[in-house]
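Accompanying notes for the structure given below.
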Amino acid sequence: MPPDRVHTAPVPELPEVETVRRQLAPQLRGRTVLATWSFGTPKFDQAHLAAGSTFGPLDRRGKYLLAALDGPDGERELVLHLGMTGRLGVRPGPIDGPIDGPIDGPTGTHLRAAWELDDGTTFEFHDVRRFGRLAVVDHGDHDGLPTLAHLGPEPFDDAFTPASLRAAVARSGRAIKTQLLSQRPVAGLGNIYADEALWDAGIHPRATRLGTQRAAALHDAIRRVLDAGIRHGGTTLRDYRDATGAEGSHQHRLRCYGRAGRPCLRCGLPLRRTVVDARTTTFCPTCQAR
DNA sequence: GGCTGGCCCTGTACGC
DNA sequence: TGCGTACAGGGCCAGC
């Protein structure tokens, strides 16, 4: 089997979103929105609801960024999801929009929303494929965002334990990979880190139950791969850039994702590609036997 | 309430 | 060289 062809656009997952959050938080906090612009489709047009508000702390839940807003309508929240190709950044100068096409600048292309700030800069949301979205909601009111409303525990919180992981998986008969991507057993995993964690723990992506030992192994593996991703500034295979426009470096350390046909780093036999839940999945048929 | 399948969307790779 | 097609995938939603 030839090596996996990697021409896809891996989405920002928890490490990438956390990297962006750490960079943006100090740039946004205390800044007041003077003007707004949006692409005009339902996924982005709530950008206007932030007009006149002042940014507070920038938090993260799973792959969602939550920016506190203090404004004329009380305490609200700007919720941002980067989808597959979303990029955020702050650049000098006023709003340039309307733009739908390649533009110059550090944050990418295809502007979808922009917030002009009171220090002469503009906070921008670029998203080529428009799988990203944003919403302005009352603080903590996530009913309109079902995945966020039902998000599992944060992977580094005490609430995420081997027992909680095992119990969450036991509530469904679906494949473990599908469940991890659902964000319910734990928040923040996407296709890359799900494959990496399952390989690390030696668990087949179509397994439907976890014993005590395997739940502990997967729990530890999830924390390990996400922590490594954050330390390396995220994974860039093509599209992802952080808030400064820089690439991450974790792509050089991937041990499973995108390596189908290449030798498993544990047993030396070829990794295999399959499809689980309509997502490309790489695994080792020997180390991750069912 | 849980599960499945379809849809959104666009850049890239590949075959002809 | 240029065109057409397949593919990638997170979240939402309708239907079962």
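Numbered from 1 within each chain, the chains take letters A, B, ... in sequence-line order.
- Regarding contacts with the backbone of C:dC7, every side-chain N or O of A:T280 stays at 4.0 angstrom or more from both OP1 and OP2.
- Residues A:R130 and A:H110 have side chains not in contact (no heavy-atom distance under 4.5 Å, counting atoms from C-beta outward).
- Following rounding to the nearest Å, A:D277 (CG) and C:dA8 (P) show an atom-to-atom distance of 14 Å.
- Between A:I222 and the options A:L180, A:D200, A:D227, A:L198, a side chain to side chain contact (heavy atoms under 4.5 Å, CB included) holds for only A:L180.
- Side-chain atoms of A:E77 and A:H142, non-hydrogen and from C-beta on, do get closer than 4.5 Å to each other.
- As rounded to whole Å, 14 Å separates atom C1' of C:dG9 from atom CD of A:E16.
- Look at A:S172 and you'll find a side-chain N or O under 4.0 angstrom from OP1 or OP2 of B:dC3.
- Rounded to the nearest 0.5 Å, atoms OG1 (A:T208) and CD1 (A:I176) are 9.0 Å apart.
- Among the heavy atoms of the strands lying under 4.0 Å from A:G173 are primed sugar atoms or P, OP1, OP2 only; no base atom is included.
- Taking atom CZ on A:R129 and atom C1' on B:dC8, their separation rounds to 12 Å, with Å as the unit.
- Ion pairing between A:K177 and A:D195 holds under the 4.0 Å rule for side-chain N and carboxylate O.
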Check nucleotides 11-15 of chain C against the protein and report each pair of N or O atoms closer than 3.5 Å, with its distance, or say if there are none.
from, atom 1, to, atom 2, distance (Å)
C:dG11, OP1, A:H81, NE2, 2.6
C:dC12, OP2, A:T147, N, 3.1
C:dC12, OP2, A:T147, OG1, 2.1

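- Taken over five-pair windows at either terminus, the axes of the helix from B:dG2-C:dC16 to B:dC16-C:dG2 are inclined to one another by 40° (rounded to 10 degrees).
- Atoms NE2 (A:H150) and P (B:dG2) sit 9 Å apart, rounded to a whole Å.
- Under 4.0 angstrom from either OP1 or OP2 of B:dT4 there lies at least one side-chain N or O belonging to A:R174.
- Atoms CZ and CG, from A:R223 and A:L218 in turn, are 12.0 Å apart once rounded to the nearest 0.5 Å.
- Considering A:W37, A:F44, A:F39, A:W115 in turn, A:F44 is the only one that fulfils the ring pair (Phe, Tyr, Trp, His ring centres under 6.0 Å) rule with A:F125.
- A 4.5 Å side-chain heavy-atom check between A:P270 and A:C264 finds every atom pair outside the cut-off.
- Of the candidates B:dC3, B:dC9, B:dG2, the closest approach to any side-chain atom of A:R130 belongs to B:dC9.
- Separating the CZ atom of A:R184 from the C1' atom of B:dC3 is a distance of 11 Å, rounded to the nearest angstrom.
- Between the C1' atom of B:dC9 and the NZ atom of A:K43 lies a distance of 7 Å, rounded to the nearest Å.
- What separates CG of A:D127 from C1' of B:dG11 is a distance of 13 Å, to the nearest Å.
- Using a cutoff of 4.0 Å between basic side-chain nitrogens and carboxylate oxygens, A:K63 and A:E13 are not scored as salt-bridged.
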